[in-house]
There are 2 protein chains.
Amino acid sequence: MPKMSNIEQSTEEKIKEAARKVFMRKGFSATRTRDIAEEAGINLALLNYYFRSKKKLFDEIMQEKFKKLFGVIVPILNDTATSLETKVELVASGYIQVLLENPDLPIFIFNEIRKEDSSIVQNIKFDKIIVNSSFMNQLKERRNDVNPIQFLISILGMTIFPFIAKPMMLFSGMTNEETFTVLMHERKELIPIWAKAMLESK
Amino acid sequence: MPKMSNIEQSTEEKIKEAARKVFMRKGFSATRTRDIAEEAGINLALLNYYFRSKKKLFDEIMQEKFKKLFGVIVPILNDTATSLETKVELVASGYIQVLLENPDLPIFIFNEIRKEDSSIVQNIKFDKIIVNSSFMNQLKERRNDVNPIQFLISILGMTIFPFIAKPMMLFSGMTNEETFTVLMHERKELIPIWAKAMLESK
DNA sequence: GTCTATAAGGGGATAGAC
DNA sequence: GTCTATCCCCTTATAGAC
């Protein structure tokens with residue numbers, strides 16, 4: 001065990017921190033273990049000493065990020081004590097906050113999962129938590145004429161999509177970093193209003 | 001020039017067709033030129049004979065796909081002859097149709113653009129067509145209390161996001177291929193209804 | 001135009017000294 | 001635990017025969 005102070009991270013944590021950064025930016029395939037080692041300020045051999053292989057290191061980061069993306073939403077959608085409206089508010093505000101701090105998270109996850117060889121996903125137990133959630137039941141009660149999945153996708157889309165489109169929005173000059181952040185804070189309030197309107201539509 | 005019949009594609013087109021398939025599925029970095037050659041049923045050397053390098057081939061495909069993604073939307077949003085409601089209908093139905101035929105398109109584009117070295121984007125002239133479009137003006141007139149970008153992102157998000165989330169939805173058992181298609185056809189009508197409700201909200 | 005063979009280099013992983 | 005040096009396969013790209 002290396003010495004640990006309040007200031008310094010352990011070598012293992014330095015490598016993980018660097019791996020988070022590089023993997024998130026470039027994805028699995030485009031990332032070189034040498035990039036991670038350099039970013040961590042350590043030698044390439046140490047990476048293999050601690051994590052055995054690039055893939056094993058990646059899987060750990062992926063697990064982490066996956067939990068981060070779904071950890072926000074699952075407890076909110078499953079809480080039988082809150083109303084439909086409250087859930088939407090909590091999802092919008094909670095998610096947007098997390099994504100402002102981790103803007104690459106959604107596109108990273110959705111892209112890596114798309115690849116057929118994505119053994120990452122195999123390891124993750126996907127209960128049907130969301131489909132059977134309190135939120136879905138409440139949607140069914142409120143509007144039995146529309147498949148509740150349609151509402152779910154729309155609310156998640158309104159919340160998450162801006163972060164997926166962000167790089168293109170920046171490049172196209174549609175926004176800049178500061179404006180984007182302001183827009184996202186505004187959305188915390190807009191999405192609940194719009195969701196309400198959608199639920200009452202027609 | 002190779003002989004061309006009605007049935008056979010030229011070698012160049014066979015390579016491009018294979019490249020579309022493999023690049024779209026795996027992205028630039030995870031794709032090996034050998035995969036493309038094999039998929040095309042030709043020799044690896046021919047790929048370089050026709051396209052000089054993996055990167056040049058990729059750039060051609062990227063250009064194509066980029067145009068496909070924006071070609072649908074730009075003419076619709078810029079048509080001064082149509083109403084706001086009509087534009088939403090056309091975007092929803094047109095986009096969903098294209099995406100049902102090319103479900104990987106959005107995640108491919110958004111992911112490749114995210115990478116900083118994405119020289120692809122440099123080559124593409126990003127006029128501020130969308131920001132200055134007829135659609136944006138109509139939004140401003142209708143609701144001067146909300147930034148029109150907020151509506152734009154929401155409508156695009158409701159349309160495009162399901163396709164980005166599709167692999168995860170399939171894996172989680174939330175839907176299967178057939179149900180997904182049905183849901184997307186339903187959305188062609190739902191999105192205009194919801195957009196109307198959002199525009200009238202509060 | 002199309003092939004086989006091979007050059008040239010990149011990148012993951014390990015051996016072995018300290 | 002950490003380093004340097006190195007192995008070795010894989011991948012892109014080209015040379016050169018047909």
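Values below: every heavy atom of this structure, side chains too, minus hydrogens, waters and symmetry copies. Every chain is numbered from 1, with letters handed out A, B, ... down the list of sequences.
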Between C/dA13, D/dA13, D/dC3, which one does the side chain of A/N48 approach most closely? C/dA13

Of the nucleotides D/dA13, D/dT4, C/dA13, which has the atom closest to the A/N43 side chain? D/dT4

Nearest-neighbour nucleotide for the B/Y49 side chain, C/dG1, D/dA13, D/dT2 considered: C/dG1

For a quick check, tell me whether the side chain of A/R32 and the base of C/dG12 share a donor-acceptor pair closer than 3.5 Å. no

Considering only C/dA13, D/dA15, C/dA15, which nucleotide approaches the side chain of B/A45 most closely? D/dA15

Of the candidates C/dT4, C/dT14, C/dT2, the side chain of B/T11 sits closest to C/dT2

Assign B/T31 to base, sugar-phosphate, or nothing according to its heavy-atom contacts below 4.0 angstrom with the strands shown. sugar-phosphate

Separation of D/dA15 atom P from B/R52 atom CZ, nearest Å, is 11 Å

Tell me: CG of A/L44 to P of D/dG1, nearest whole Å? 18 Å

Classify the side-chain pair B/S134/B/K87 by whether it contains a donor and acceptor separated by less than 3.5 Å. yes

Rounded to the nearest Å, what distance is computed from the CD1 atom of residue A/I42 to the C1' atom of nucleotide D/dG1? 11 Å

For A/L47, answer base if it contacts any base atom (sugar-phosphate contacts may also be present), sugar-phosphate if it contacts only those atoms, and nothing otherwise; contact means non-hydrogen atoms under 4.0 Å. nothing

Look at A/D35 together with A/R32 and state whether they make a salt bridge at an N to O cut-off of under 4.0 Å. yes

Grab the CZ-P distance between B/F51 and C/dG1 for me, whole Å please. 12 Å

For C/dT2, take OP1 and OP2 only and decide whether either is under 4.0 Å from a side-chain N or O of B/Y50. yes

Can a side-chain donor-acceptor contact be found between B/K16 and B/Q9 if the only test is distance below 3.5 angstrom? no

Rounding to an integer number of Å, can you tell me how far B/L46 CG sits from D/dA17 C1'? 14 Å

Between B/F70 and B/K65, is there a cation-pi geometry (under 6.0 Å to ring centre, at most 45° from the normal)? no

Answer yes or no: does a side-chain N or O of A/T33 lie under 4.0 Å from OP1 or OP2 of C/dG11? no

Check for me whether A/K166 meets the cation-pi criterion with B/F110, that is, NZ or CZ under 6.0 Å from the six-membered ring centre and within 45 degrees of the ring axis. no

Residue A/K54, side-chain atoms from C-beta onward, closest of D/dA13, C/dG12, C/dT2: C/dG12

